[in-house]
Structure formats: structure tokens, C-alpha cells
There are 2 protein chains.
Amino acid sequence: MDNAFDLNAVVVFVRIVESGSLSAAARSMKMPKTTVSKRLASLEESLGVALIARTTRKLSVTEAGRAYFAHCQESLRLLEQARAEVTAARSHPSGHLKITAPVDIAHTLLPRVIHAFVGRHPGVRVEVLVANRLVDLVGEGVDLAIRAGPMRDSGMVGRKLIELTANVYASHAYLRRCKAPLQPKDLSSVEFIGYGGANGPFHMVKGRSSVKVDVNPTLVVDDFETIKELVVLGTGAGWLPDFVAKTAGASIVPAVRGWRAKSVGQVHFLYAKQRHPSANVKAFIDVAMEVVPLFLKGELAMPGGDERNLG
Amino acid sequence: MDNAFDLNAVVVFVRIVESGSLSAAARSMKMPKTTVSKRLASLEESLGVALIARTTRKLSVTEAGRAYFAHCQESLRLLEQARAEVTAARSHPSGHLKITAPVDIAHTLLPRVIHAFVGRHPGVRVEVLVANRLVDLVGEGVDLAIRAGPMRDSGMVGRKLIELTANVYASHAYLRRCKAPLQPKDLSSVEFIGYGGANGPFHMVKGRSSVKVDVNPTLVVDDFETIKELVVLGTGAGWLPDFVAKTAGASIVPAVRGWRAKSVGQVHFLYAKQRHPSANVKAFIDVAMEVVPLFLKGELAMPGGDERNLG
DNA sequence: ATGCATTGTCCATGGGTGTGCACAGTGAAA
DNA sequence: TTTCACTGTGCACACCCATGGACAATGCAT
């Protein structure tokens with residue numbers, strides 16, 4: 001950085017011309033006169049041109065100085081305007097927001113949140129990237145990710161959205177075919193639809209009670225939404241995250257009344273660890289923290305299918 | 001100068017975006033990576049906005065960063081262009097040049113110099129301020145003054161143009177009326193036209209000889225050109241600077257053949273003492289140093305009156 | 001997998017720079 | 001004239017900041 005010339009000196013120069021004197025400029029910028037003097041001198045030095053002819057009392061801007069001043073003033077005005085725009089956008093959400101989420105969440109929680117978000121912040125263009133793979137946030141320019149399970153991305157910070165609660169669900173018709181009411185141990189003998197390969201025994205809780213449940217999956221699917229559809233059709237009982245089951249409305253219910261499956265983790269947000277998080281990100285998280293619990297409690301109106309075009 | 005934000009950081013930011021990485025930017029600006037990193041961090045701090053999301057390997061410009069970058073890049077381009085224009089104008093004369101000179105010189109030497117100057121540097125607009133008063137150079141935005149006699153302006157530098165030589169001139173007709181050839185002592189008995197109030201005895205020289213001449217002015221005028229006209233008309237003999245007499249062409253000649261008046265000082269330029277004198281000023285002085293001696297030696301063509309409109 | 005090169009950041013240190021003071025020069029007021 | 005307020009600048013010093021080395025993290029090549 002040997003002889004890169006000091007842009008701040010340009011600011012000083014412009015202020016001098018605007019103020020009409022070094023001292024006035026110094027006052028308006030709240031810096032000592034001597035600094036102003038030296039900055040101007042160094043600018044003239046690095047330009048190799050006299051900008052301001054000065055006696056102790058009078059000032060007059062050189063021909064070169066006048067030309068330079070006109071350009072600089074305009075340029076600095078643009079720069080200041082840019083700064084103002086940015087700091088304005090800092091507080092109130094606007095522009096672009098890119099989100100990624102795994103398919104399960106993208107089909108369930110996410111549409112509700114987005115629906116509320118775009119309603120509240122119409123100026124923001126939202127882009128959603130639905131993928132189960134681990135998206136490289138900074139590499140793909142993603143502002144915010146929603147992930148399930150433990151997070152181990154370095155340089156990122158997380159924030160818990162919800163506890164990942166789940167249960168074994170079944171349709172009313174299916175339950176009528178069984179000898180209700182079922183108990184946890186009965187689940188090992190019903191038609192059970194398992195998830196993916198990582199479907200071992202799980203725990204069910206009721207108050208302080210906790211029992212381990214072994215199941216014999218007659219069917220294994222690696223997609224919760226497909227499982228949900230099967231459960232709705234009465235194919236069998238299936239372990240489902242509550243937020244997935246919820247999208248089926250009242251057509252399916254917990255198979256074992258009064259019990260629920262033990263939580264297996266959290267759903268959380270993940271975004272770049274920065275001193276100054278994006279206003280868009282913060283706003284989106286705020287909306288999500290407000291909307292999702294309502295949705296899970298069933299207090300959220302469930303519109304028909306207008307969010308399907310976002311998937 | 002508490003929290004005035006660092007414009008140089010903006011330059012660094014722009015270079016980072018252009019280069020695609022902090023390290024690349026550091027290399028291209030020849031400053032250590034650590035400085036680049038800190039500059040960027042401080043810019044984000046003072047803006048209160050994250051501009052660049054960065055992992056150790058990948059970079060991605062924030063929404064806010066993109067908007068800011070576009071404006072800044074344009075603005076800095078303008079600034080750089082301004083700098084280029086100014087430093088270009090440094091070497092080759094252009095723009096505006098304001099000169100002041102006393103009337104005597106403005107009517108004699110100056111037109112010839114200006115004529116040559118505008119012919120050589122057509123891009124420069126020349127403005128001439130003819131006045132015998134002491135013009136405040138910086139106060140009135142004058143780039144260059146021509147003065148006769150000692151200079152005692154502080155903060156200014158001078159450069160000698162010519163030795164202020166003079167002589168006693170008379171017309172051919174007048175000399176015929178006298179009993180030529182005249183000797184220096186004869187001057188006390190001719191009709192002598194004196195200058196202003198400061199017209200005491202003067203010295204005349206011939207080789208190593210020097211004699212003091214006392215005159216009895218029958219007529220005193222405080223304007224050399226008027227004196228010259230009177231001499232041309234044959235009213236008497238008059239002490240005239242050579243450069244004034246020269247404008248009368250061959251119609252007047254030294255009254256005492258072989259002798260001349262002793263020099264009484266210099267004509268010099270006066271301009272602001274600055275590290276970086278204006279290219280215009282330098283060019284003008286160069287032209288003057290070249291043209292004036294030619295004129296005084298009579299080798300310069302004397303056009304009719306086309307320089308009159310410059311007075 | 002495992003080096004290897006490269007990236008961005010943290011940290012102690014020295015050089016550069018902004019600061020306060022003093023001073024010459026100037027204009028307005030008395 | 002003399003005084004006075006104020007201008008812009010030279011100078012010595014303290015302090016901040018750029019510096020370079022070290023380090024964790026990461027992608028590429030083998």
C-alpha cells in the first residue's frame with residue numbers, strides 16, 4: 001500500500017472548498033486545523049498539482065482545483081447516497097432473501113412461514129432452494145438455512161425454531177379396524193410404516209413414563225410426506241414429525257391416545273455468523289418464531305393449496 | 001474526526017469484490033491480507049451491515065453488499081477519472097490563466113508574449129488584468145503577475161524576465177534640430193520629458209565609463225507611453241525603458257549615440273510559492289523568456305495592431 | 001485418506017500520523 | 001498608527017494502525 005492515495009484527503013479537500021477556508025472545514029469536520037492542512041498538502045503532493053492557492057488570510061481555488069472539485073463533489077455525493085441507502089436498508093427488510101430447507105420442512109412449515117413473511121414484507125424477493133443435501137451457504141449465496149438434527153457447520157450460528165416432536169399417527173378408519181384403545185406395546189403388532197433406513201426402536205412418553213417401542217415395519221419409505229399419505233389412506237400406522245402430520249389436518253390422529261414419541265432433536269435456523277446479520281434474515285426468523293407455534297397448535301388457518309407453487 | 005468513515009475502506013471493499021477474494025485484492029493493492037481483512041471489517045462495522053459473507057475459502061457478496069458495490073464502483077471510477085484528468089492537465093497546459101501586469105508592460109511586452117502563447121497553447125483561455133495597483137494575487141485568483149522593480153510579496157516566488165534597461169530617446173527630427181552628436185552632459189540643456197515624480201538624476205554608461213546626468217525636465221508625465229508619443233512627435237528627449245521605446249520602431253533612437261542609461265532594476269514574474277506550480281504558468285514564462293529577448297533585439301516581427309483587443 | 005497450498009483472522013510490535021502548541025502574517029476595528 | 005482576533009503552518013510527541021508471523025479451516029491433487 002505504498003503510494004495509494006488517500007481518499008479521505010479528497011473529502012477534506014471538498015470540505016475546504018465548500019467551507020471556504022481550512023479552519024472552517026476543520027471545525028465542520030471536527031478535526032484540528034493542522035490535520036486539514038496536512039491532508040490537503042499531501043493530496044496536492046500525490047496529485048502533483050496545486051489545488052488551492054492560499055495565503056494566511058485568503059483562499060483561492062486553482063484552475064486544476066476547480067475542475068477536480070466539481071468531479072469529486074459529485075462523486076462523493078454518490079458515495080454518501082450509497083451509504084445512506086445501505087444503512088437505511090439495514091433496519092428495514094428489503095431486497096432479496098435466499099432460503100434453503102430440506103423437502104419435509106419445505107412442504108410443511110416453510111410455506112406457512114413464507115406466506116406470512118411475504119404478506120408482512122412485500123418488498124422482499126424470496127428465493128427458496130429445496131434440497132436435502134448439505135447446501136454450502138456462503139458458496140451458493142444462501143442467506144438462511146433450515147436444518148433438522150444437530151448442526152456442526154463452523155462459522156455459522158444457529159437458532160432453535162422448534163423441538164422436533166413426533167408421534168405415531170393413524171387414520172380414524174385404521175384405528176377402528178384395530179381394537180382401540182391401543183397401548184404403546186401394541187404398536188409392535190400393527191402394520192407399521194417406517195422411515196428411511198435409520199428406523200430403529202423409539203421411545204414413547206406419557207408424563208414421566210417412558211417406554212421403548214419395538215416395531216416391525218412392513219413398509220419402509222424415506223420420505224415423510226409419502227408416509228403421511230399412506231397413513232391417511234389407512235395403510236397402517238406411521239412415525240411422523242408433528243409438523244408433517246399437522247398438514248393432514250384432522251384426518252389422522254395419534255395412534256396411542258395420551259402418549260407421544262420422544263423428541264429426537266430440534267429444527268433450527270442456520271445463518272452466517274456475522275456482527276451484522278441481515279435484516280431480512282432477522283425478520284424471517286421473527287415471523288417463523290411467531291407463525292410456527294401457532295401452526296403446530298392448530299390455531300393457524302390452513303388455506304387450501306396456494307402454497308404448492310413454492311415447492 | 002471521531003467517526004468519519006474511512007473512504008479508503010470503500011476502495012478496499014470494491015477491490016475485494018472485483019478480485020473475488022481478500023487475498024487477491026491484497027495482492028493487487030500490494031497490502032497485507034490482514035489489512036484488507038481489517039479494513040473490510042471496519043467498513044462493515046461503520047455501515048452496520050454485513051457486506052461480504054465469507055468462509056475461509058468461499059466468498060459471497062451480501063444483498064446489501066451488491067447494491068453498495070454497484071454505487072461505489074461507479075463513484076470510484078469517476079474519482080479516478082478526475083484524478084487522471086488533473087494529473088494529465090498537470091503536464092500539458094490547458095484551462096484558464098489569469099495574468100496581471102502594469103500598464104506599461106501590458107502595452108508593450110505583454111501583447112507579444114500573449115500572441116506567441118495563444119498560438120502555441122490554443123487550449124488555454126487567457127485573462128489579463130491591467131492595473132498599476134498592487135493586485136492581491138491569491139485574493140483575485142491571479143495566477144501570474146509581471147512586476148517591475150523590487151518584489152517584496154511574501155509567499156510568492158519571482159523569476160527575472162529581463163534587466164530593466166532604459167535610455168534617453170529622441171526623434172530623428174528633434175535630433176536634427178539639436179547640434180548632433182550629443183554627449184551625456186548635453187542632456188541637461190535639451191527639452192527633457194521626465195517620468196512621474198521619481199525622476200531625479202540618472203547615470204549613463206558607455207563601456208566602463210559612467211557619468212551622472214542632471215536634467216531639467218520641462219515636462220513631467222507619469223506614463224511611459226505618453227512620453228513615448230511625445231518623443232515621437234519631437235517634443236523633446238525622454239528617458240524610456242527600452243521595451244517601451246522599441247514599440248515606436250525606428251522612429252525614435254537613443255539621443256546620445258554609443259551611450260545608454262544604467263539599468264534601474266528588473267522586470268520579473270511573480271507567482272504563488274507552491275510545490276507544484278501550474279503548468280500554465282510555467283508554459284507562459286517559458287514563452288516569455290523566449291519571445292521577449294527576441295523582441296528587444298528587434299528580431300521579432302511587429303504586427304500592426306491585432307493584439308489591441310487583448311488589453 | 002493425506003499432504004500441500006491457500007484462505008481469512010488473531011496478535012504483538014514498530015512506524016507513521018494525527019494532535020496540541022507556538023508562531024508568523026493578515027484584516028478589521030479602535 | 002496599535003490592538004486584537006484569526007488564519008494557515010512547522011514541530012515534537014503520543015497513540016493508533018498497518019505489519020508480518022502464526023494459526024485454524026478448507027479445497028485440490030495425489
Side-chain angles (χ1 to χ4, degrees), chain A residues 1-9 11-13 15-17 19-46 50-61 134 136-140 152-156 272-275, chain B residues 1-9 11-13 15-17 19-46 50-61 134 136-140 152-156 272-275:
Chain A
M1 94 151 272
D2 329 84
N3 44 0
F5 88 60
D6 192 356
L7 271 202
N8 300 321
V11 181
V12 170
F13 164 64
R15 289 296 280 267
I16 292 174
V17 176
S19 306
S21 94
L22 299 206
S23 293
R27 263 172 316 206
S28 89
M29 305 178 81
K30 288 173 183 157
M31 50 171 79
K33 314 180 283 184
T34 139
T35 302
V36 174
S37 175
K38 268 174 51 174
R39 278 270 176 76
L40 176 59
S42 102
L43 177 62
E44 290 180 324
E45 182 58 34
S46 70
L51 296 174
I52 293 184
R54 42 200 189 279
T55 329
T56 51
R57 206 63 178 191
K58 293 273 183 59
L59 262 210
S60 98
V61 187
L134 234 59
D136 176 7
L137 296 199
V138 2
E140 305 200 28
R152 57 189 59 173
D153 234 311
S154 76
M156 298 286 148
K273 176 184 68 182
Q274 284 163 154
R275 267 74 85 201
Chain B
M1 93 154 268
D2 331 82
N3 45 359
F5 90 58
D6 192 356
L7 271 201
N8 299 322
V11 181
V12 170
F13 164 65
R15 290 297 279 269
I16 291 174
V17 176
S19 307
S21 94
L22 298 205
S23 293
R27 266 180 314 236
S28 87
M29 307 178 80
K30 287 172 182 154
M31 51 170 77
K33 315 180 282 184
T34 136
T35 302
V36 174
S37 176
K38 269 173 54 174
R39 278 270 176 75
L40 176 58
S42 102
L43 177 61
E44 290 181 324
E45 182 59 34
S46 70
L51 296 173
I52 293 184
R54 41 199 189 279
T55 330
T56 48
R57 208 64 178 191
K58 293 272 184 61
L59 262 214
S60 100
V61 187
L134 235 60
D136 175 8
L137 296 199
V138 2
E140 305 200 28
R152 57 189 60 172
D153 233 310
S154 76
M156 298 286 149
K273 176 186 68 183
Q274 284 163 154
R275 270 74 87 198

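First the proteins, then the strands, lettered A, B, ... as listed; each starts at 1.
At a cut-off of 3.5 angstrom, counting only N and O atoms as typed in the model, there is a donor on one side and an acceptor on the other between the side-chain of A:T34 and the base of C:dG20.
Judged by closest nucleotide on DNA chain D, A:L40 is the one of A:L40 and B:D6 placed further toward the 5' end.
We find that CZ of B:R54 is positioned 15 Å from P of D:dT26, with the value rounded to whole Å. C:dG8 atom P lies 13 Å from atom CD of B:E44, rounded to whole Å. The interatomic distance linking B:K38 (NZ) with C:dG8 (P) rounds to 17 Å, in whole Å. One atom, CG of B:L59, and another, P of D:dA25, lie 19 Å apart when rounded to the nearest Å. Atom CE in A:M29 sits roughly 12 Å away from atom P in C:dG18 (whole-Å rounding).
Between B:L22 and B:K33, every side-chain heavy-atom pair lies at or beyond the 4.5 Å cut-off.
For the OP1/OP2 pair of D:dG8 and a distance below 4.0 Å, the side-chain nitrogens and oxygens of A:S37 include no atom meeting the criterion. For D:dA18, one of the phosphate oxygens OP1 or OP2 lies less than 4.0 angstrom from a side-chain nitrogen or oxygen of B:R39.
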* For A:D6 and A:L43, run side-chain contact (heavy atoms from CB on, under 4.5 Å): C-alpha distance rounded to whole Å, both residues' side-chain angles, the deciding distance at 0.1 Å, then the answer. => CA-CA 7 Å; A:D6 192 356; A:L43 177 62; over 6 Å; no
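Rounded to the nearest 0.5 Å, atoms OG1 (B:T35) and CG (B:L40) are 12.5 Å apart. Here the straight-line distance linking atom CG of A:N8 with atom CZ of B:F5 works out to 9.0 Å at 0.5 Å rounding. A distance of 7.5 Å separates CD1 in B:I16 from CG in B:L59, rounded to the nearest 0.5 Å. Within the model, atoms CZ of B:R15 and CZ of B:R39 stand 13.0 Å from one another, a figure rounded to the nearest 0.5 Å.
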Hey, what are the protein-to-nucleotides 3-7 of chain C N/O distances that come in under 3.5 Å?
from  : atom 1 : to    : atom 2 : distance (Å)
C:dT6 : O2     : B:R57 : NH1    : 2.5
C:dT7 : O5'    : B:S23 : OG     : 3.4

